[in-house]
Amino acid sequence: MPLSRAVVLDDRLLVDELLVGLGAATKRKQLWTTATWYFRACRAATLGAGGQLSGPFTTLGAEEQRLAILSLLELRDEIALPDPRVTVPAMARLAIRHPRLNLLNLEAIALAQSIEASVWMSEGTANGLLPDVLDTEGVPWVLVGIA
């Protein structure tokens with residue numbers, strides 16, 4: 001199955017895209033993220049704890065860190081967010097078929113299906129249930145390494 005022009009970024013990739021960019025691979029793509037992944041990225045940036053999501057912020061100087069956090073809180077226009085009127089009903093239908101999925105995964109799959117996108121995920125996301133369910137649902141996905 002060919003990969004879509006639209007891609008859904010997980011929270012860790014969203015952080016990387018906003019801090020340093022994911023490189024040339026994103027130049028011809030329509031970038032999306034879910035509301036839940038966006039919230040998790042913002043929360044990690046503002047609360048910080050040095051974990052997978054907030055870790056990249058701890059390596060920045062004070063001013064760079066402040067600007068990076070603001071870049072998350074004011075999401076760039078070219079990174080789209082889903083319409084809950086579309087994704088929520090789709091999430092409810094998915095939950096019937098896949099009752100073990102959490103909110104993060106349900107929203108990612110529903111969004112990818114609604115916009116015919118590929119899901120780009122970091123290693124942490126790929127280690128869970130999401131890849132198998134994406135395969136079952138016929139949604140293409142890509143594991144993206146983070147430097």
Side-chain angles (χ1 to χ4, degrees), residues 1-91 94 98 101-147:
M1 172 181 275
L3 295 181
S4 170
R5 186 168 180 266
V7 297
V8 178
L9 301 177
D10 77 4
D11 43 12
R12 182 60 180 87
L13 295 176
L14 175 64
V15 168
D16 247 40
E17 171 62 21
L18 293 171
L19 287 180
V20 295
L22 290 173
T26 63
K27 297 302 180 224
R28 291 184 302 273
K29 300 288 186 184
Q30 297 169 345
L31 301 180
W32 290 74
T33 196
T34 69
T36 311
W37 276 336
Y38 177 47
F39 168 72
R40 281 175 38 102
C42 287
R43 183 172 181 243
T46 56
L47 295 180
Q52 178 183 339
L53 289 177
S54 62
F57 293 94
T58 62
T59 63
L60 302 174
E63 182 61 15
E64 288 176 307
Q65 192 174 51
R66 185 184 73 74
L67 292 172
I69 290 169
L70 287 175
S71 77
L72 272 174
L73 299 178
E74 298 173 11
L75 190 62
R76 296 190 325 238
D77 288 340
E78 61 269 16
I79 300 176
L81 289 169
D83 177 355
R85 292 176 192 267
V86 174
T87 54
V88 170
M91 291 165 66
L94 281 165
H98 306 284
L101 287 184
N102 64 25
L103 180 67
L104 295 166
N105 292 338
L106 289 168
E107 187 181 15
I109 297 166
L111 172 58
Q113 288 176 329
S114 72
I115 63 171
E116 298 180 355
S118 300
V119 176
W120 286 11
M121 63 185 93
S122 60
E123 187 175 331
T125 303
N127 287 334
L129 297 171
L130 187 55
D132 288 340
V133 178
L134 288 169
D135 289 342
T136 299
E137 292 290 326
V139 176
W141 61 275
V142 176
L143 175 63
V144 178
I146 297 173

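It should be emphasised that the depicted structure is a prediction, and the values quoted were computed from it without experimental measurement.
Of the candidates Val15, Thr34, Thr33, Leu104, Leu104 is the only one forming a side chain to side chain contact (heavy atoms under 4.5 Å, CB included) with Arg40.
Residue Leu111 holds its CG atom at 12.5 Å from CG of Leu106, rounded to the nearest 0.5 Å. Note: Glu17 CD to Thr26 OG1 = 4.5 Å, rounded to the nearest 0.5 Å. In this structure, CG in Asn105 is found 6.5 Å from CH2 in Trp37, a value given to the nearest 0.5 Å. Distance check: Lys27 NZ to Leu22 CG gives 9.0 Å after rounding to the nearest 0.5 Å.
In terms of heavy-atom proximity, Lys29 sits nearest to Trp120 at CE-CZ2, 4.0 Å. Taking every heavy atom of both residues into account, Asp10 and Met121 meet most closely at OD2-CA, 3.4 Å. Residues Pro89 and Pro84 share a closest heavy-atom pair of CD-O, 3.7 Å. Smallest separation of non-hydrogen atoms from Leu14 and Ala41: CD2-CB, 4.1 Å. Across every non-hydrogen atom of Leu143 and Ala126, the tightest pair is CD1-CB, 3.7 Å. Counting all heavy atoms, side chain and backbone alike, Ala108 lies closest to Val119 at O-CG2, 4.4 Å.
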Set out, in order, the CA-CA distance, both residues' side-chain angles and the distance that settles side-chain contact (heavy atoms from CB on, under 4.5 Å) for Ile79 and Tyr38, then state yes or no.
CA-CA 10 Å; Ile79 300 176; Tyr38 177 47; over 6 Å; no
Under the criterion side-chain contact (heavy atoms from CB on, under 4.5 Å), I'd like the reasoning laid out for Asp16 against Arg12: C-alpha separation, chi angles, the key distance, then a yes or no.
CA-CA 6 Å; Asp16 247 40; Arg12 182 60 180 87; 2.6 Å; yes
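Every residue two or more places apart in sequence or in another chain that forms a side chain to side chain contact (heavy atoms under 4.5 Å, CB included) with Gln30 is listed here: Arg5, Ala6, Trp32.
Glu107 contributes a side-chain N or O that, together with a main-chain N or O of Thr36, makes up a donor-acceptor pair within less than 3.5 Å.
For the pair Leu101 and Ile109, the minimum side-chain heavy-atom distance is below 4.5 Å. By the 4.5 Å heavy-atom criterion applied to side chains, Val8 and Trp141 are not counted as neighbours. Put simply, the side chain of Leu75 reaches to within 4.5 Å of the side chain of Leu81, judged on heavy atoms. Using a 4.5 Å heavy-atom cutoff, the side chains of Arg76 and Leu18 are in contact. Residues Thr136 and His98 have side chains in contact (heavy-atom distance under 4.5 Å, counting atoms from C-beta outward).
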